[in-house]
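Every heavy atom of this structure was used, including side-chain atoms; hydrogens, water molecules and symmetry mates were not.
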Amino acid sequence: MNTSRSRARTWRTAALAALLTTGAFTASAPASAESARTETAVGSTGGVTETVVRVKAPLPASFGARPAACDWLSYLRYRSSAGPASSADADRVLIAQPGILEGAGAFDSVARNTVTRAAQQGRHIEFWALDRRSNCLEDHTGTATGDQHTAVDYYYRGKQVGGRTFAGFVGNDQLGWMARLGIEQTVRDEYDLLAAELPDQRVRKDKVLCGGHSLGGVITGYFAAADFDGNPATTADAGQNQCAGYFALDTTVSTSLADLSGSIPDDTNLPDVGLGYGAVQAGLDSGLLPRSLSAPVLLNPETMTLLAIAGVGAVQDPDGEADLPSYLPQNTNIEATNRFLFSKDTATFLTGSPAVKDFRLTNEAVLGALMDDQSVPLAFLQSSVGFFDGGPVADKNFPVTNGSSAQPGLFGTEYKAIPAVPHGPLYTWRNYDRVGDADDPGYKSSDGTPFTAAGKEVTDIQELARSMGTQPLDFTEQYFPTKLVTDLELSTSPQVKRLVVHPDGLTANPTLTVLAGDGLLAGRVPAELHPVVADGYQHLDVLTAAPVQNNGRPEPVSTALTEFARDPR
């Protein structure tokens with residue numbers, strides 16, 4: 001039996017069983033001592049114990065009415081099962097901010113790999129994967145059942161699960177409190193969480209490594225430069241003094257979005273920041289501007305929910321023939337997403353024929369088609385999980401022609417493929433560690449270019465399915481605060497510049513920069529940062545890659561994090 005698949009199925013079984021006005025940042029109200037913290041077991045597998053931690057941290061009254069769940073902060077805590085129960089007693093704590101449209105569940109593999117690798121060296125570290133506050137709006141009831149049909153019926157057909165009916169996807173009129181959920185509150189939330197979980201500032205300064213993925217690197221930059229008590233002269237509260245070091249995963253620790261070009265599609269509903277800070281804020285407050293970032297294709301709550309449901313199917317019955325495309329209801333969002341992802345050319349996109357439901361795909365192949373770099377066009381959503389198998393494939397020349405992109409940008413550089421025969425063979429999925437095997441068909445593009453090779457495949461599709469379909473905190477962020485992006489795009493405005501109280505904080509601590517070799521920042525990071533480059537990796541692979549790579553070597557991102565955690569200097 002394939003060892004990586006056996007390991008992944010063991011993990012998923014355990015997870016499914018467990019599921020059911022100054023330059024300073026203004027202070028928020030302290031949490032009540034009563035029921036101020038909960039910690040719920042997810043499971044212990046492979047020597048790693050995972051829990052969901054929730055800490056009460058009410059927003060200021062100025063944010064207005066919001067769901068009660070939004071007065072809590074949440075994170076996934078990964079620790080060595082053989083290590084201390086108290087975080088303060090761990091050798092090191094890594095705290096990670098997610099990227100744009102990304103949730104805590106996306107860190108599942110890199111967290112497990114890092115904790116495991118450190119334990120093998122006799123050190124017990126913790127990895128905290130943060131959920132931003134806006135994730136409080138997500139309802140996991142359907143996906144938590146572990147059944148695709150039940151999940152689809154719950155989210156799209158109004159059927160109850162356990163006596164609960166889905167309240168619907170949240171509209172802009174219900175997101176008034178998110179109009180002020182920008183960079184100031186985001187870094188305040190991280191500080192408040194750290195202070196609540198590790199009350200001794202000396203412990204935080206000695207043991208905590210602060211970082212993130214993608215946009216999380218910019219958030220970490222603002223955190224490092226922040227002052228949290230309103231008095232810049234007292235520095236124990238400064239962001240730089242909450243961390244022993246910083247880490248950046250396919251990003252840089254900075255206060256600029258410049259390095260992350262290509263991470264936000266042009267068709268999102270992001271407002272024109274040329275209006276200026278005041279006009280944008282007024283538009284968010286009034287509701288004239290969208291308070292949550294979305295796009296018609298894939299990047300909206302309705303269709304991002306499909307990613308989790310696809311993950312459930314790949315966990316539930318990986319090799320079974322998928323009926324998800326035909327079982328889903330037909331509406332504009334779902335139809336546009338299916339056409340965008342499964343059309344081989346412009347004509348197919350315009351006519352909708354053949355449609356994805358016309359092809360026979362296993363549940364794993366559906367997930368691979370949604371997330372693999374040889375399939376999904378959007379570079380910031382790509383991982384390298386293997387390739388189609390079981391039948392002939394064709395070039396996917398939509399939305400761009402194969403071979404036409406020389407820079408990663410929005411669509412990446414990898415050639416894209418699509419199943420070629422509708423109503424034909426059952427298309428299966430060749431996992432990352434079977435690419436290049438003796439029975440690999442070695443599919444090539446029409447110009448003779450191989451679609452992929454073993455050195456380009458790094459993520460186990462079952463680990464990805466577990467992260468997307470079984471985590472109690474989502475892989476994606478369905479309601480991403482628009483203000484968080486507009487604040488960062490308006491970084492030179494006085495209202496945002498004032499938040500950078502200690503600019504020297506950006507370089508006050510050692511920094512580990514890890515880059516995806518084929519990711520968004522490939523070839524664009526200054527050499528003086530001495531980045532660790534993970535060859536063949538895409539943007540998401542730095543989070544999702546398997547612990548052992550096809551070259552037989554340990555996964556490089558978690559290896560670098562483990563070494564940095566041992567001695568950040």
Student: Taking side-chain hydrogen bond (donor to acceptor under 3.5 Å, both in side chains) as the definition, give me every residue that meets it alongside Ser384, ordered by chain and number, with sequence neighbours left out.
Tutor: Asp373, Asp541

Student: Apply salt bridge (Lys or Arg N to Asp or Glu O under 4.0 Å) to Asp139 and list each qualifying residue two or more places apart in sequence or on a separate chain.
Tutor: Arg164

Student: Would you please name every residue forming a side-chain hydrogen bond (donor to acceptor under 3.5 Å, both in side chains) with Arg339, sequence neighbours left out?
Tutor: Glu335

Student: Please enumerate all residues that pass ring pair (Phe, Tyr, Trp, His ring centres under 6.0 Å) together with Tyr154, with sequence neighbours excluded.
Tutor: Phe166

Student: Using a 6.0 Å distance limit plus a 45 degree cone around the ring axis, check whether Arg54 lies over the aromatic ring of Trp72.
Tutor: yes

Student: For the rings on Phe349 and Phe340, is their centre-to-centre separation under 6.0 Å?
Tutor: no

Student: Do Glu102 and His213 have side-chain atoms, one donor and one acceptor, less than 3.5 Å apart?
Tutor: yes

Student: With sequence neighbours left out, what residues match Glu477 under salt bridge (Lys or Arg N to Asp or Glu O under 4.0 Å)?
Tutor: Arg132

Student: Return each pair, listed once, that meets ring pair (Phe, Tyr, Trp, His ring centres under 6.0 Å) where at least one residue sits in residues 353-377; pairs must be two or more places apart or across chains.
Tutor: none

Student: Regarding Gln462 and Glu364, do their side chains bring together a donor and an acceptor under 3.5 Å, going by distance alone?
Tutor: yes

Student: Examine the side chains of Thr459 and Ser383 and answer whether a donor and an acceptor come within less than 3.5 Å of each other.
Tutor: no

Student: Could you tell me which non-hydrogen atom of Ala314 sits nearest to which non-hydrogen atom of Leu367, and how far apart they are?
Tutor: CB-CD2, 3.9 Å

Student: Mind listing the closest non-hydrogen atom pair of Thr143 and Ala308 along with its distance?
Tutor: CG2-CB, 3.9 Å

Student: Quick one: side-chain hydrogen bond (donor to acceptor under 3.5 Å, both in side chains) partners of Asp323, sequence neighbours excluded?
Tutor: His149

Student: Assess the side chains of Asp147 and Gln316: does a donor N or O sit below 3.5 Å from an acceptor N or O?
Tutor: yes

Student: Of all residues at least two apart in sequence or in a different chain, which pass the side-chain hydrogen bond (donor to acceptor under 3.5 Å, both in side chains) check with Arg157?
Tutor: Asp153

Student: With sequence neighbours excluded, tell me which residues meet salt bridge (Lys or Arg N to Asp or Glu O under 4.0 Å) with Asp131.
Tutor: none

Student: Please identify each residue that fulfils ring pair (Phe, Tyr, Trp, His ring centres under 6.0 Å) with Tyr479, with sequence neighbours left out.
Tutor: none

Student: For the pair Thr116 (side chain) and Asn113 (backbone), establish whether a donor and an acceptor sit closer than 3.5 Å, ignoring hydrogens and angles.
Tutor: no

Student: Could I get the full list of salt bridge (Lys or Arg N to Asp or Glu O under 4.0 Å) partners for Arg79, not counting sequence neighbours?
Tutor: none

Student: Under 6.0 Å between the ring centres of Phe388 and Tyr443?
Tutor: no

Student: My understanding is that only residues two or more places apart in sequence, or in another chain, count here; which of them pass ring pair (Phe, Tyr, Trp, His ring centres under 6.0 Å) with Tyr78?
Tutor: none

